**Student:** 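The structure's right below; bear with me while I get my questions together.
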Amino acid sequence: MGMKMILSKSALLFKGNFNTSYFLKTHLSFSQFGVGFGAHNSFLASFIHSNSYTSDHDEHPKSKYQKVTNLDHALYLFDEMSQRRPFLSIIDFTQLLQSVTKMKHFSHSLDMFKQMCAIGVPVNKFTMSIAIKCCCQLHRTNDTFAILAYCFRRCIVPNVFIFSALLDGLILEDRILEAEIFFKKLIKDNICGPNVVMYNTMIKGLCKFGHNDIAIQLLRHIDERGCKPDVVTYSTIIDSLCKDKLIDEAFKLFKEMVFKKGISPNVITYNSLIDGLCKLGRWEEAPKMLQEMLDVGISPNVHTYNILIDAFCKEDKIEEAENLVDIMLERGIVPNIVTYNSLIDGYYLRGEIVGEIASPI
DNA sequence: TTAGGGTTAG
């Protein structure tokens, strides 16, 4: 099998089914929640700068459990900790659990959590919320509800972190109806006062299912509840509007966020808008947005460049895409697999990749 | 001195 690729310079714990409906008895109607691009200029830059703040990152040094980046090392440490008596602090255990979770070894994290419970480590709300997150990432939300039941048995009252993780799990599994019912029940029965993260999670779910209008209603509702929407709230809806090709609506919300609410956009907000412009073929405006980002002091990241590179490649503008790769490299941003996949697609569309591609293995 | 949310391809 031969390979001939012509790429130019860029070629380079808890078993059992907990009954979710136990928590969702009350079914409420969600209906109770009930400018186009081009006006950006230096005023925007000054406005955003005036609303930005810098924080001193005077963080505490990381513990050895927080520094772990290797699974085998983490498991070794855990084994060592499990055998020590008296137990180390629950903070040490939780930090190690979090490190394994950050490595995305969710099954191992859950196994560790179960082991902690089995040997009697006094798990707390922090530990619980990490375990629930792991369950959700593994698409095992029903097991998550079992952990919640375990919370109650141990007299650990779930808090907004734990409920938000649960809500996120339902949304991840596309169980939007249950998510809505659950969310409303938490509020109606005063089980948990939602904060902006929980609202954002619900808004993400609504957007995921195309309910932009209800998401915007919920955005209005946040203010009425005395909670403040933030850049994630707006960016989530802006992104959804862009994906639904409602770019003018997205820019309207963008302006509301910046000028009315005084919330500074970030690189993710801009990425969504640039992607929306590219996918609608508004080629004049996308580079302007990139320039605007730079003007307001927001550095494009690998996502930003990938969005533009992919769009150029799909439009047979390979040279422009290659120029962007050069700019990325000059700015110290390393192209990743998405960058190369987009470029390969572009070359393929142009017919510059011929023959069969042999397996490299 | 321990926990949560939004962006890119296929």
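Keep in mind the model is a prediction, meaning the values are calculated, not measured. Per chain, numbering begins at 1; letters A, B, ... match sequence-line order. What you see below is based on every heavy atom in this structure, not just the backbone, and it leaves out hydrogens, waters and symmetry mates.
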**Student:** Parallel, tilted or perpendicular: which one describes the rings of A:Trp283 and A:Phe312, with boundaries at 30° and 60°?
**Tutor:** parallel

**Student:** Of the nucleotides B:dT8, B:dT2, B:dA9, which has the atom closest to the A:Ser342 side chain?
**Tutor:** B:dA9

**Student:** Please report, rounded to the nearest Å, how far the C1' atom of B:dA3 is from the CZ atom of A:Phe113.
**Tutor:** 12 Å

**Student:** Whole angstroms only, please: what is the CZ-P distance between A:Phe182 and B:dG4?
**Tutor:** 18 Å

**Student:** Check side-chain contact (heavy atoms from CB on, under 4.5 Å) between A:Lys64 and all other residues, then give those that pass, not counting sequence neighbours.
**Tutor:**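 Listed in chain order: A:Leu77.
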
**Student:** Just to verify, what does A:Arg84 make a side-chain contact (heavy atoms from CB on, under 4.5 Å) with, not counting sequence neighbours?
**Tutor:** A:Leu88

**Student:** What pairs with A:Phe78 under side-chain contact (heavy atoms from CB on, under 4.5 Å), at least two apart in sequence or on another chain?
**Tutor:** A:Ser82, A:Phe93, A:Leu96, A:Met112, A:Gln115, A:Met116

**Student:** Please list, chain by chain and in numerical order, all residues satisfying side-chain hydrogen bond (donor to acceptor under 3.5 Å, both in side chains) with A:Ser109, sequence neighbours excluded.
**Tutor:** A:Thr101

**Student:** Expressed as a whole number of angstroms, how long is the span from A:Asn341:CG to B:dG10:P?
**Tutor:**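 So the two atoms are 8 Å apart, to the nearest Å.
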
**Student:** Is the phosphate of B:dA9 approached by A:Lys279 (side-chain N or O, under 4.0 Å from OP1 or OP2)?
**Tutor:** yes

**Student:** How many Å lie between CD1 on A:Ile203 and P on B:dG4, as a whole number?
**Tutor:**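 Answer to the nearest Å: 20 Å.
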
**Student:** Please pick, from B:dA9, B:dG4, B:dA3, the nucleotide with the shortest atom-to-atom distance to any side-chain atom of A:Val197.
**Tutor:** B:dG4

**Student:** For the side chain of A:Asp310, counting heavy atoms from C-beta on, which of B:dA9, B:dA3, B:dG4 is nearest?
**Tutor:**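 Of the candidates, B:dA9 comes closest.
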
**Student:** Could you check which of B:dG6, B:dG4, B:dT8 has an atom nearest any side-chain atom of A:Lys243?
**Tutor:** B:dT8

**Student:** Could you tell me the separation between the CE atom of A:Met81 and the P atom of B:dT2, rounded to a whole number of Å?
**Tutor:**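 Whole-Å distance recorded here is 14 Å.
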
**Student:** Let's see if you can work this out: which of B:dT8, B:dA3, B:dT2 has an atom nearest to the side-chain heavy atoms of A:Val338?
**Tutor:**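 So the nucleotide nearest the side chain must be B:dT8.
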
**Student:** Partners of A:Ser235 by side-chain hydrogen bond (donor to acceptor under 3.5 Å, both in side chains), sequence neighbours excluded?
**Tutor:** A:Thr269

**Student:** Of all of residues 226-241 of chain A, which get a heavy atom below 4.0 angstrom from DNA chain B, listed by number?
**Tutor:**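 Residues of residues 226-241 of chain A that come under 4.0 Å of DNA chain B are, in numerical order, A:Asp230, A:Val231, A:Val232, A:Ser235, A:Thr236, A:Asp239.
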
**Student:** List for me each residue that meets side-chain contact (heavy atoms from CB on, under 4.5 Å) alongside A:Asn70, sequence neighbours excluded, and say none if there are none.
**Tutor:**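 Partners of A:Asn70 by the side-chain contact (heavy atoms from CB on, under 4.5 Å) criterion, ordered by chain and then number, come out as A:Asp72, A:His73.
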
**Student:** Assign A:Thr127 to base, sugar-phosphate, or nothing according to its heavy-atom contacts below 4.0 angstrom with the strands shown.
**Tutor:** nothing

**Student:** Going by salt bridge (charged side-chain N to carboxylate O under 4.0 Å, His left out), name the residues that satisfy it together with A:Glu256, two or more places apart in sequence or in a different chain.
**Tutor:**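 So A:Glu256 forms a salt bridge (charged side-chain N to carboxylate O under 4.0 Å, His left out) with A:Arg220.
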
**Student:** What is the separation between atom NZ on A:Lys125 and atom P on B:dT2, rounded to the nearest whole Å?
**Tutor:** 16 Å

**Student:** Please give, in whole Å, the distance from B:dA9 P to A:Ile337 CD1?
**Tutor:**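 Nearest whole value for this atom pair: 14 Å.
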
**Student:** DNA chain B in dot-bracket, Watson-Crick or G-U pairs under 3.5 Å, [ ] crossing, | other strand?
**Tutor:** ..........

**Student:** Do A:Gln291 and A:Asp295 have a side chain donor and acceptor closer than 3.5 Å?
**Tutor:**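 A pair is found: one side chain offers a donor N or O, the other an acceptor, under 3.5 Å apart.
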
**Student:** In residues 88-107 of chain A, which residues come under 4.0 Å of DNA chain B by heavy atom?
**Tutor:**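 The stretch gives A:Ile91, A:Thr94, A:Gln95, A:Gln98 as the residues lying under 4.0 Å from the strand, ordered by number.
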
**Student:** Is the shortest distance from a Lys or Arg side-chain nitrogen in A:Glu173 or A:Arg175 to a carboxylate oxygen in the other one below 4.0 Å?
**Tutor:** yes

**Student:** Which listed nucleotide (B:dT7, B:dG4, B:dT8) is nearest to the side chain of A:Phe161?
**Tutor:**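 Of the options given, the side chain of A:Phe161 lies nearest B:dG4.
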
**Student:** Who passes salt bridge (charged side-chain N to carboxylate O under 4.0 Å, His left out) against A:Lys125, sequence neighbours left out?
**Tutor:**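 None.
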
**Student:** Within this structure, what is the CG-to-C1' distance between A:Asn336 and B:dG10, rounded to whole angstrom?
**Tutor:** 13 Å

**Student:** Residues two or more places apart in sequence or in another chain: which of them pass salt bridge (charged side-chain N to carboxylate O under 4.0 Å, His left out) with A:Asp244?
**Tutor:** none

**Student:** Do A:Asn124 and B:dA3 have a side chain to base donor-acceptor pair shorter than 3.5 Å?
**Tutor:** no

**Student:** So, does A:Lys314 get its side chain near the phosphate of B:dG10, meaning an N or O under 4.0 Å from OP1 or OP2?
**Tutor:** yes

**Student:** Is the ring pair A:His105/A:His108 parallel, tilted or perpendicular, if the boundaries are 30 and 60 degrees?
**Tutor:**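 Because their plane-to-plane angle is over 60°, the rings of A:His105 and A:His108 count as perpendicular.
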
**Student:** The side chain of A:Ile268 is closest to which nucleotide in this list: B:dT7, B:dT2, B:dA3?
**Tutor:**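 For A:Ile268, the side-chain atoms sit closest to B:dT7.
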
**Student:** Given B:dA3, B:dA9, B:dT2, which nucleotide is nearest the side-chain atoms of A:Asp345?
**Tutor:**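 From the listed options, B:dA9 comes nearest.
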
**Student:** Quick one: which of B:dG4, B:dT2, B:dA3 gets closest to the side chain of A:Val160?
**Tutor:**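 Shortest atom-to-atom distance from the side chain points to B:dG4.
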
**Student:** Among B:dG6, B:dA9, B:dG4, find the nucleotide with the atom closest to the side chain of A:Asn266.
**Tutor:** B:dG6

